[in-house]
Number of protein chains: 2
Amino acid sequence: MCPIRITLTDDHPLVLAGMKALLQDVEDIEIVGEATDGQTALDVIQQTTPDIAILDISLPGVSGLEVARRLAAQMPQVRLLALTVHEDHAYVQPMLQAGARGYLLKRSAADELERAVRAIAGGGLYLDPAIAEKALPSSHGAHSSSGTPATSELTPRESEVLRLIAQGFSNKEIANQLSISIKTVETYKARAVEKLGLFTRADIVRYGVALGWLGHPAKSADQA
Amino acid sequence: MCPIRITLTDDHPLVLAGMKALLQDVEDIEIVGEATDGQTALDVIQQTTPDIAILDISLPGVSGLEVARRLAAQMPQVRLLALTVHEDHAYVQPMLQAGARGYLLKRSAADELERAVRAIAGGGLYLDPAIAEKALPSSHGAHSSSGTPATSELTPRESEVLRLIAQGFSNKEIANQLSISIKTVETYKARAVEKLGLFTRADIVRYGVALGWLGHPAKSADQA
DNA sequence: TGATCCGTCGGGAAAAACCTGACTTTGGCT
DNA sequence: AGCCAAAGTCAGGTTTTTCCCGACGGATCA
């Protein structure tokens, strides 16, 4: 039997190296590629066509979610294992809808990683126990045709504004950054919080934290 | 020669296991303890008295900074290597003042970890190149006598208010939470931003992120 | 060929934040 | 004992921001 071929993606080289060290000791697992950002991950995965692509969701540049969506469209045979610190439901669902076959938390036990890999390699689906509880109950049928079911389907503008708000920018500052009117910013914000059921700025910040918009000091400076 | 004895602390078991895997392959390095929270870290370190304690700064419960300060007071012979995602200057300085002998970023290359360990074990001080630049220029002479030179000497109240602001709460919400007048909250905020040289809310959020006030979705719920 | 969604704005009312100034208590210093 | 600085507390009044309601053109889709 040929080994399970895996690519790893995490924006922290140290964490990446750690996971690699963890996995490469295992007999029938082979690390065939690594990346520390979304674009590179896409490239590496396309070049190596691994059995499983493990990727952190919070990536600089192209986000993990974006990577997942593109892979689902371009290389559906590659199975995705999402690996992240975020256990918020709002984040799990989109990831699974984007085609992820597994969702593991960084706070998970180390041996869960191998377990998840084997489960997915065997064609299964593996969710961390902690999130499995949350993810399953509210589940839905299976409509991946038109695109977006319920929550979290913000328009790009809405999402952008919400992120900037979470980062502490005022409507005026956002208006300047995006070169639009304050009024427009207010509209996006209003529509976004309406869709997501958020009320206070603190809600928005929490949402942003869950989505990985914050907590990555070094990165940022993306949209222009 | 006896090996370098090390304890590891990181709140993500997976990351912890990864670093362990990275380090334990090295000849003269021995992992003598692990922890995933600040209190446990303190216990483990006190029990094992390692040569070097590697600890992530953003920890649930007792923060890494707090751990560093207590260790500096109780076990100065244990050398600390701070390991974190935060490369903000505002975070490096307090950590070094708290006695850390090294500061490494998770975005650092993997071999830097071993390098840092050896440097510190040899009695040296190791800063990640990326932060060394920032840390050194603005530096200071060597006044560790009275305590706090310039920044970050917020009163408890100021710090508390600033944290809540970073989390997105309005002055009014904070006033309610702390059972004080809005006006008082405004005063603390004003004094805090004055001391820290912050200007916009976004500045405050960034400061909070650097201090680990945000970015830990699952955790929180501390002060009452 | 309407309905709907997205991006874009304005006016005016309401809320929040900001600036200036002030009072009290605690503690150290002379 | 008197002095003074720092920390905690608050108010009045002005400025800024946000919030609510409404609107319009373009694209898309049935």
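Just so it is clear: chains get the letters A, B, ... in the order the sequence lines come, proteins before strands, and each one is counted from 1.
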Trainee: Side chains of L55(B) and L80(B), heavy atoms from C-beta outward: is any pair under 4.5 Å?
Mentor: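 Yes; the side chains approach each other to less than 4.5 Å.
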Trainee: In the structure I gave you, are the side-chain heavy atoms of T48(A) and R5(A) within less than 4.5 Å of one another anywhere?
Mentor: yes
Trainee: Nearest-Å distance, CD (E158(B)) to P (dA6(D))?
Mentor: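 In whole Å, dA6(D) P lies 12 Å from E158(B) CD.
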Trainee: Residues two or more places apart in sequence or in another chain: which of them pass side-chain hydrogen bond (donor to acceptor under 3.5 Å, both in side chains) with T200(B)?
Mentor: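 Per chain and number, T200(B) pairs via side-chain hydrogen bond (donor to acceptor under 3.5 Å, both in side chains) with D203(B).
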Trainee: Report for the helix from dT1(C)-dA30(D) to dT30(C)-dA1(D): angle between first-end and last-end helix axes, five pairs each, rounded to 10 degrees.
Mentor: 30°
Trainee: Give a yes/no answer on whether the side chain of T184(A) brings an N or O atom under 4.0 Å of OP1 or OP2 in dG7(C).
Mentor: no
Trainee: Whole-Å distance between dG7(C) C1' and R157(A) CZ?
Mentor: 8 Å
Trainee: Figure out the CG/P separation between L198(B) and dC18(C), and round it to whole Å.
Mentor: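 My rounded result for the distance is 12 Å.
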Trainee: Spell out protein contact along nucleotides 11-24 of chain D as letters: B when the base is contacted, S when just the sugar-phosphate is, - when no protein heavy atom is under 4.0 Å; keep the 5' to 3' order.
Mentor: BBB---SBBB--B-
Trainee: Check whether any side-chain N or O of R79(A) sits under 3.5 Å from a backbone N or O of A53(A) as a donor-acceptor pair, and report yes or no.
Mentor: no
Trainee: How close or far is atom C1' of dT20(C) from atom CD of E194(B), stated in whole angstroms?
Mentor: 14 Å
Trainee: Any donor-acceptor pair under 3.5 Å linking the side chain of T49(A) with the backbone of I45(A)?
Mentor: no
Trainee: T40(B): what forms a side-chain hydrogen bond (donor to acceptor under 3.5 Å, both in side chains) with it, not counting sequence neighbours?
Mentor: D37(B)
Trainee: Tell me, please, which residues at least two apart from E186(B) pass side-chain hydrogen bond (donor to acceptor under 3.5 Å, both in side chains).
Mentor: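 Checked E186(B) against side-chain hydrogen bond (donor to acceptor under 3.5 Å, both in side chains); zero matches.
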Trainee: Rounded off to whole Å, could you give me the CD1-to-P distance for the I165(B) and dA16(C) pair?
Mentor: 14 Å
Trainee: Nearest-Å distance, CD1 (I174(B)) to P (dC18(C))?
Mentor: 11 Å
Trainee: Report yes if some heavy atom in the side chain of N171(A) is under 4.5 Å from a heavy atom in the side chain of K189(A); otherwise report no.
Mentor: yes
Trainee: Checking R157(B) now: which residues fulfil salt bridge (Lys or Arg N to Asp or Glu O under 4.0 Å) with it, not counting sequence neighbours?
Mentor: E160(B)
Trainee: Indicate whether OP1 or OP2 belonging to dA7(D) is found under 4.0 Å from a side-chain N or O atom of Y188(B).
Mentor: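 Checking dA7(D) against Y188(B), no side-chain N or O comes under 4.0 Å of OP1 or OP2.
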